**Student:** 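Dumping the structure here so I can ask a few things about it.
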Amino acid sequence: MIKKIEEGIYPSDIKKMNREEMELLSYAIRDKLISTVSETGGHLASNLGIVELTIAVHRVFDAPEDKIVWDVGHQSYVHKLLTGRGAEFGTLRQMDGMSGFPKRCESVYDTFDTGHASNSISAALGMAAARDLKGEDYAVVAVIGDGALTGGMVYEALNNAGTMDTSLVILLNDNEMSISPSEGSMAQHLGKLRSSERYNNLKQNLKKSLKSIPVVGDTIFGGLEVLRDAVKYTMVPGVLFEELGFVYLGPIDGHDLGELVEVFTYAKMLKKPVIVHCVTKKGKGYQPAEKNPSKFHGVSPFDAETGALKKKPQKLSYSGIFGKKLLKIARKRPDVIAVTAAMTDGTGLKEFAGSLPKRLFDVGIAEEHAVTFAAGAAANGLHPAVAIYSTFFQRAYDQIIIDVCMQNLPVTLCIDRAGIVGADGETHHGIFDISYLMPVPNLTFFAPSDRQELEEMLEYAMNMDAPCAIRYPRGEAPESLAACGEGSEGRSESVSENRSESFENGNGKPSVSFLRSRTLAEGRDVTLISVGRMTEICAESCGILKSVGISAELIDARVLKPFDRDAFVQSAEKTGLVFVAEDNVLSGGFGSYVEDLFAQNTGVKVYRIAWPDEFIPHGTQTQLLKKYGMDASSIAERVREAVEGKA
């Protein structure tokens, strides 16, 4: 069966299979998922849990004519294997290979690009409206997990869909988790539905009653299966969904192919807004993933036999440093709380949650709510640290402006995964936050380049009575960046003084003198101004330049806002040539502010190194930096050409 998958299985092939063949296919798919993801890394547990559901979807619905939208999309690997992409599956999440998310440009079976949660019902409803207006006839299906139901956009869409009287099928894949266990009253409501025995009792009673009819009982029972299921599934207490205008079917066993096919067939036949509640097990069929679904939600390459990660444990990540430092601060200060959006583990807050559980607020996949929740807490005397990935903070832009910054509230925005993230690609790169946060009034904006800076900046921000943002990248944090390049010996003392500077100005308030850049190396030929992660890369570039006789001055911008105008001008007046390197898009980035600073000074030339005005594809961080000329050697070469041109 695996050979068939690699040769290319399509939905039309599944429609010809009997129950036993579909069961064999489910085993083969799980084997393929484990063997591939153990080499490439990726989202494993969620895909293992949705195998039977996906087979049943393609058995009943007629893709690509019928439109299937996968919420978030990280659980679409099985869908890709069943739509002719088995041969390319080994390139999953590799540069120039198959994406880990649905991509319309990749296949006609991918009807909508997804990567962020809670948008599938909105997209599917829009497709259904377009179908109805054009007088066409096909099914539209949204596959959404219970974790995504914590997002407010879902309820906006449900509220709209229930009044439109259109044919729409929502398949709720309920595995009791998003990435971390699902939080909130909706999770509790689904738990009640899962635990209800009414539908099981109804099934047994119906079967017993029908079979008791002499002579024709067995025939009636066999012939009324669809009717039996229609009664069975509408009797379950899905009151919340039914009050919103949906027919609620379930909960059903999301790993029972026969039951899935029956209910999906009935849902398709109804031609109404329908929700089918399917209960699945995240990590199904692979013991390590069943035992630890959070670990195997998004996993790096691992040993398929044992489940052990292949790579050596990395040094402490920026996320880990943040979590430990925040916990240290919170233990001393009862006003400090942590807020996250279904990312307790990913943002480094697991230890915080274990130590101070009443002061960790996981609000679910609801970034807008998270920021305004934090603003409300700050308005009432607390100091929240809101830890969310950069790409997901985009959802809360209005709340950052209106609810936090306009009111000048002491909320610290901890922007994890800032910059390029790697294999998850376009929807997950955090390369817009500098551009969208720099214009916001009242906001102090930090970008640490090493472990020590992150700790210092977090300490400083949590002592400010005003909004702060700290952006830091995915992955390992250098312990401390040493001074480098020509003239560094003369700067070591002043750099050290800058690092050990007191945060307070004598009256318990943060010192304004902390809000400045730091010069890591003095030079005479060119000024390199670096932001965050790019500081370590530029430090390496300085070494390359020194080897060819070019003296580079390296300034770690550190504090993006307020803008350290004097330091940049002083350095540029000496060198006459400035390069700005940042892990952000070119448009509206930090470099544009430096460029504006020297716009009237014809004696200073400014070059900008940043991501171009396009969506950056997936690939390793190293590959992407090299491809776009943002690695150390590429930067050194650009600087060398500019210096020689200046001479």
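Please read all numbers here as calculations on a predicted model, not as lab measurements. No hydrogens, no waters, no symmetry mates; every other heavy atom, side chains included, goes into these values.
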**Student:** Output, in order, the C-alpha distance, side-chain angles, deciding distance and verdict of side-chain contact (heavy atoms from CB on, under 4.5 Å) for Y472 and I415.
**Tutor:** CA-CA 6 Å; Y472 44 93; I415 307 170; 5.7 Å; no
**Student:** At what distance, to the nearest 0.5 angstrom, does CD1 of I9 lie from NE2 of H58?
**Tutor:** 11.5 Å
**Student:** I'd like to know whether D416 forms a side-chain hydrogen bond (donor to acceptor under 3.5 Å, both in side chains) with S319, so could you lay out the CA-CA distance, the side-chain angles of the two residues, the decisive distance to 0.1 Å, and finally the verdict.
**Tutor:** CA-CA 7 Å; D416 201 332; S319 302; 2.6 Å; yes
**Student:** Side chains of E242 and V247, heavy atoms from C-beta outward: is any pair under 4.5 Å?
**Tutor:** no
**Student:** For the aromatic rings, using the six-membered ring if either is Trp, is the centroid distance between F101 and H618 under 6.0 Å?
**Tutor:** no
**Student:** So, taking the atom named OG1 in T91 and the one named CZ in F89, what distance separates them when rounded to the nearest 0.5 Å?
**Tutor:** 9.0 Å
**Student:** Evaluate the criterion salt bridge (Lys or Arg N to Asp or Glu O under 4.0 Å) for residue pair E52 and R30; output intermediate values, then yes/no.
**Tutor:** CA-CA 10 Å; E52 289 83 6; R30 284 194 170 91; 2.8 Å; yes
**Student:** Quick check: do L171 and F264 have side-chain heavy atoms less than 4.5 Å from each other?
**Tutor:**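 Answer yes - side chains close enough.
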**Student:** Test salt bridge (Lys or Arg N to Asp or Glu O under 4.0 Å) on R131 and D66; report intermediate values, then the result.
**Tutor:** CA-CA 11 Å; R131 172 201 62 203; D66 290 342; over 6 Å; no
**Student:** When you look at L172 and L149, which way does the side-chain contact (heavy atoms from CB on, under 4.5 Å) test go after all the steps?
**Tutor:** CA-CA 9 Å; L172 171 55; L149 290 189; 3.8 Å; yes
**Student:** Distance check, rounded to the nearest 0.5 Å: S122 atom OG versus N160 atom CG?
**Tutor:** 8.0 Å
**Student:** Given 3.5 Å as the limit, does a donor-acceptor pair link the side chain of R474 with the main chain of Q621, or not?
**Tutor:**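 Answer holds: no.
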**Student:** Please lay out, stage by stage, how H429 and D424 fare under the test side-chain hydrogen bond (donor to acceptor under 3.5 Å, both in side chains).
**Tutor:** CA-CA 8 Å; H429 295 317; D424 283 337; over 6 Å; no
**Student:** Can you name the nearest heavy-atom pair linking D71 to A148, along with the distance?
**Tutor:** OD1-CB, 3.5 Å
**Student:** Mind listing the closest non-hydrogen atom pair of V339 and P384 along with its distance?
**Tutor:**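 Nearest pair, atom of V339 first, then P384: CG2-CB, 4.3 Å.
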**Student:** Heavy atoms, side chains only, cut-off 4.5 Å: are T344 and F352 in contact?
**Tutor:** no
**Student:** With side-chain contact (heavy atoms from CB on, under 4.5 Å) as the test, would you mind laying out the steps for N18 and M22 before giving the verdict?
**Tutor:** CA-CA 6 Å; N18 58 35; M22 288 193 294; over 6 Å; no
**Student:** Does the side chain of T111 come within less than 4.5 Å of M127's, by heavy atoms?
**Tutor:** yes
**Student:** Could you tell me which non-hydrogen atom of I388 sits nearest to which non-hydrogen atom of A370, and how far apart they are?
**Tutor:**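 Scanning both residues, the minimum pair turns out to be CD1-CB, 4.1 Å.
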**Student:** Would the number of heavy atoms belonging to other residues, nucleotides or ligands and lying under 6.0 Å from NZ of K271 be above 12?
**Tutor:** yes
**Student:** Give a yes or no on this: more than 12 heavy atoms of other residues, nucleotides or ligands lie within 6.0 Å of atom CD of E20.
**Tutor:** no
**Student:** In the structure I gave you, are the side-chain heavy atoms of I29 and L82 within less than 4.5 Å of one another anywhere?
**Tutor:**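 I29 vs L82: side chains touch.
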**Student:** For residues K310 and P301, determine if any side-chain heavy atom of one lies less than 4.5 Å from a side-chain heavy atom of the other.
**Tutor:**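 They are in contact (side-chain heavy atoms under 4.5 Å apart), so the answer is yes.
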**Student:** What pair of heavy atoms forms the shortest contact from V72 to Q75, and how long is it?
**Tutor:**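 Shortest heavy-atom separation between V72 and Q75 comes out as C-OE1, 4.3 Å.
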**Student:** Evaluate side-chain hydrogen bond (donor to acceptor under 3.5 Å, both in side chains) for N173 paired with T280, printing each intermediate quantity in order.
**Tutor:** CA-CA 7 Å; N173 174 34; T280 62; 2.6 Å; yes
**Student:** Please check this pair: side chain of Q394 against backbone of T391, looking for a donor-acceptor N/O pair closer than 3.5 Å.
**Tutor:**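 A pair under 3.5 Å: yes.
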**Student:** Rounded to the nearest 0.5 Å, what separates atom CD1 in I170 from atom OH in Y248?
**Tutor:** 12.5 Å
**Student:** Any side-chain heavy atom of L48 sitting closer than 4.5 Å to one from I34?
**Tutor:**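 Yes - at least one pair of side-chain heavy atoms lies under 4.5 Å apart.
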**Student:** Given the rule in the side-chain hydrogen bond (donor to acceptor under 3.5 Å, both in side chains) test, do H116 and T427 qualify, once you have shown the distances and angles that lead to the verdict?
**Tutor:** CA-CA 7 Å; H116 290 187; T427 56; 5.2 Å; no
**Student:** Decide salt bridge (Lys or Arg N to Asp or Glu O under 4.0 Å) for E426 and K103; before the verdict, give the C-alpha distance in whole Å, the side-chain angles of both, and the deciding distance to 0.1 Å.
**Tutor:** CA-CA 11 Å; E426 297 98 320; K103 293 291 174 190; 3.6 Å; yes
**Student:** Where do L349 and L326 land on the side-chain contact (heavy atoms from CB on, under 4.5 Å) test, with the steps shown first?
**Tutor:** CA-CA 9 Å; L349 290 171; L326 185 66; 3.9 Å; yes
**Student:** Could you check whether any side-chain N or O of S76 sits under 3.5 Å from a backbone N or O of H79, counting only pairs where one atom can act as donor and the other as acceptor?
**Tutor:** no
**Student:** Can you tell me how far OH of Y77 sits from OG of S46, rounded to the nearest 0.5 angstrom?
**Tutor:**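 S46 atom OG to Y77 atom OH measures 7.0 Å (nearest 0.5 Å).
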**Student:** Could you tell me whether the side chain of R359 and the main chain of A330 form a donor-acceptor pair under 3.5 Å?
**Tutor:**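 Looks like yes, one N/O pair under 3.5 Å.
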**Student:** Ring centroid separation for Y389 and H428, is it under 6.0 angstrom?
**Tutor:**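 Distance test on ring centres: not under 6.0 Å, no.
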**Student:** Just wondering, more than 12 heavy atoms not from K350 lying within 6.0 Å of its NZ?
**Tutor:** no
**Student:** Has the side chain of S120 got a donor or acceptor atom that lies under 3.5 Å from a matching backbone atom of I144?
**Tutor:** no
**Student:** May I ask you to check if K67 and Y138 form a cation-pi contact, with NZ or CZ under 6.0 angstrom from the six-membered ring centre and within 45° of the axis?
**Tutor:**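 Ring-cation test returns yes.
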**Student:** Would you say T83's side chain and Y10's backbone share a donor-acceptor pair under 3.5 angstrom?
**Tutor:** no
**Student:** Can you tell me if K324 has over 12 outside heavy atoms packed within less than 6.0 Å of its NZ?
**Tutor:**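 For K324, atom NZ is not crowded (no more than 12 foreign heavy atoms under 6.0 Å).
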**Student:** So, applying salt bridge (charged side-chain N to carboxylate O under 4.0 Å, His left out) with R85, which one of E106, E7, E6 is it?
**Tutor:**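 Result: among E106, E7, E6, E106 is the only option passing the salt bridge (charged side-chain N to carboxylate O under 4.0 Å, His left out) with R85.
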**Student:** Between V274 and L249, is there a side-chain heavy-atom distance shorter than 4.5 Å?
**Tutor:**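 Yes. Closest side-chain heavy atoms under 4.5 Å.
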**Student:** Quick check on K15: does its NZ atom have over 12 non-hydrogen neighbours (other residues, nucleotides or ligands) under 6.0 Å away?
**Tutor:**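 Atom NZ in K15 is crowded, with more than 12 foreign heavy atoms closer than 6.0 Å.
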**Student:** What distance separates E243 CD from L158 CG, expressed to the nearest 0.5 Å?
**Tutor:**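 It is 13.5 Å, given to the nearest 0.5 Å.
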**Student:** Can you give me the closest heavy-atom contact between E367 and A396, atom names plus distance?
**Tutor:**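 That closest heavy-atom pairing would be O-CB, 3.7 Å.
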**Student:** Between N47 (side chain) and L44 (backbone), is there a donor-acceptor pair under 3.5 Å?
**Tutor:**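 Between the backbone of L44 and the side chain of N47 there is no qualifying donor-acceptor contact (under 3.5 Å).
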**Student:** Check this for me: D165, atom CG, are more than 12 non-hydrogen atoms of other residues, nucleotides or ligands nearer than 6.0 Å?
**Tutor:** no
**Student:** After noting the C-alpha distance and the side-chain angles of D62 and K268, does the key distance pass the salt bridge (Lys or Arg N to Asp or Glu O under 4.0 Å) rule?
**Tutor:** CA-CA 11 Å; D62 300 313; K268 183 178 181 180; 3.2 Å; yes
**Student:** Which heavy atom of V37 sits nearest a heavy atom of G42, and at what distance?
**Tutor:**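 Taking V37 first and G42 second, the nearest heavy atoms are CG1-N, 3.7 Å.
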